[in-house]
2 protein chains.
Amino acid sequence: MTTRIQKRNRKRILDAALEVFSAQGFRGATLDQIAAEAGLSKPNLLYYFDNKEAIHRLLMEDLLASWLEPLRAMNPQGEPRDEIMGYMRRKLQMSRAFPRESRLFANEILQGAPRLGDFIARDLRMLVDDRAALIARWSREGRLAPVDPYHLIFSIWALTQHYADFDAQIRLIRDGTDPLDGAEPFLERLFERLIAPEPRAP
Amino acid sequence: MTTRIQKRNRKRILDAALEVFSAQGFRGATLDQIAAEAGLSKPNLLYYFDNKEAIHRLLMEDLLASWLEPLRAMNPQGEPRDEIMGYMRRKLQMSRAFPRESRLFANEILQGAPRLGDFIARDLRMLVDDRAALIARWSREGRLAPVDPYHLIFSIWALTQHYADFDAQIRLIRDGTDPLDGAEPFLERLFERLIAPEPRAP
DNA sequence: AAAAATCTTGACTGGTTGGTCAAGTCTGTT
DNA sequence: AACAGACTTGACCAACCAGTCAAGATTTTT
């Protein structure tokens, strides 16, 4: 049974850990930093989680579901262009709402995916293969421009996650204005032009 | 005066440090890892560099020049579409030739640009502002499609660097094939379609 | 109110990390 | 060969780090 206090403190710890791990990576983060950020003592942290690894693992597990969902939500029965634009919009929305989660994921990949390797090679890969096949079919049917489906998916990842992962850089260049200002119409146009099929020869 | 041995060992150390820093970030990397990677003892490392910070700083300084150059090489007198496509191609080439440098930079930005903040807010920003103005002019003159110049530059960064920074992920999904396979034609097409001006109304 | 269960922390430990140093080895010059 | 300067390293140190523990404080249950 989990008490009221447990709920509150576990949440505090995970939020603090997300802040620190997403900025410093697993090795670069310390329990002292996380404890300070959470407003708890270090032994108290370890009363709620077995060790540093366990905190990180839980964050990762929470990440996984939300990471697959937008792509999984793509509907094979839908209108191709709406489905792809919808996926792009959902990913962009996630970068806006969960930038730290995006950076946590980026850190994991930069380090060579030591903890998420299995998930990526199995779950994510299966889903991507499936969606790539779907997009390839749509292209073959002339409902999308002929386009490499894997690179299309990667380009959606790259463009949407960039706004969260490189937030610090964009802020410094654009002098504090929200990095995502104007991003949505720009990306709409970009992908619209990329996937719009040429008018068919009669 | 720098001797033959100094030259060789400094290079070894910087190469090893690039390997470790780009994968672990500054805080996550240890001198022992770098020393092992370089095939030298730790005190020997510190015979050639004052401290950990100094090694990292030198890597960063080397990075700066090569980071600005492709954008600086954009020619205001050139043909707009060639200049933008050329810039994209140069950036992609850099991701192919220097993936570790790209990841080193990504790590720095993920951490909030603690060491490169000044450079970004001053040098990079000035250059980007200048090129953005150039692109805006080209758009106004009808030589490019009307497009937000900042987001155009960011999209080139996002798409080209993604192949270096998320290399581990792409490899796991594409089962070992070179992540950059097919990337160049895909990006050519993407940016070609994005910036091609609509035929003018007569 | 008192007992039980839960929560909190100061003080500690063993291992790691960045960095020092004195003593030794190697290399180039005469 | 012998000397000077350059290079290398084992042994060490203080600070930091993940994690432990016993003792006390707080909350919940009876």
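Any value given below was found using the heavy atoms of this structure, including those in side chains, with hydrogens, waters and symmetry copies removed. Residue numbers start from 1 in every chain, and the chains themselves are labelled A, B, ... in the order their sequence lines are given, proteins ahead of strands. Computed from a prediction, not measured in an experiment: that's the story for all the values here.
Classified by interplanar angle (parallel below 30°, tilted 30° to 60°, perpendicular above 60°), the ring pair B:Tyr163/A:Phe154 is perpendicular. Under the 30°/60° scheme for interplanar angles, the aromatic rings of A:Phe26 and A:His56 are found to stand perpendicular.
Among the heavy atoms of the strands, none lies under 4.0 Å from A:Phe49.
Counting only residues at least two apart or in different chains, salt bridge (charged side-chain N to carboxylate O under 4.0 Å, His left out) contacts with residues 29-54 of chain A comprise A:Asp32-A:Lys42, A:Glu53-A:Arg115.
Not a single donor-acceptor pair under 3.5 Å links the side chain of A:Gln24 to the backbone N or O of B:Arg27. B:Ser22 contributes no side-chain N or O that, together with a main-chain N or O of B:Glu101, makes up a donor-acceptor pair within less than 3.5 Å.
One atom, CG of B:Leu40, and another, P of D:dT8, lie 7 Å apart when rounded to the nearest Å. Between the C1' atom of C:dC21 and the CG atom of B:Asn44 lies a distance of 14 Å, rounded to the nearest Å. Spacing between atom CG of B:Leu45 and atom P of C:dT20 amounts to 13 Å, rounded to whole angstrom units. B:Tyr48 places its OH atom 18 Å from the P atom of C:dG19, with the value rounded to the nearest Å.
Phosphate proximity of C:dT8 to A:Asn9: present, with a side-chain N or O under 4.0 Å from OP1 or OP2. For D:dT8, the OP1/OP2 oxygens have no side-chain nitrogen or oxygen of B:Tyr47 closer than 4.0 Å. Side-chain nitrogen and oxygen atoms of A:Gln6 include at least one within less than 4.0 Å of the OP1 or OP2 phosphate oxygen of C:dC7.
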The contact string for nucleotides 15-30 of chain D, one letter per nucleotide 5' to 3', using protein heavy atoms under 4.0 Å with B, S and - for base, sugar-phosphate only and none, comes out as --SBBBB-----SS--
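Side chains of A:Ser102 and A:Met94 form no contact here, defined as non-hydrogen atoms less than 4.5 Å apart.
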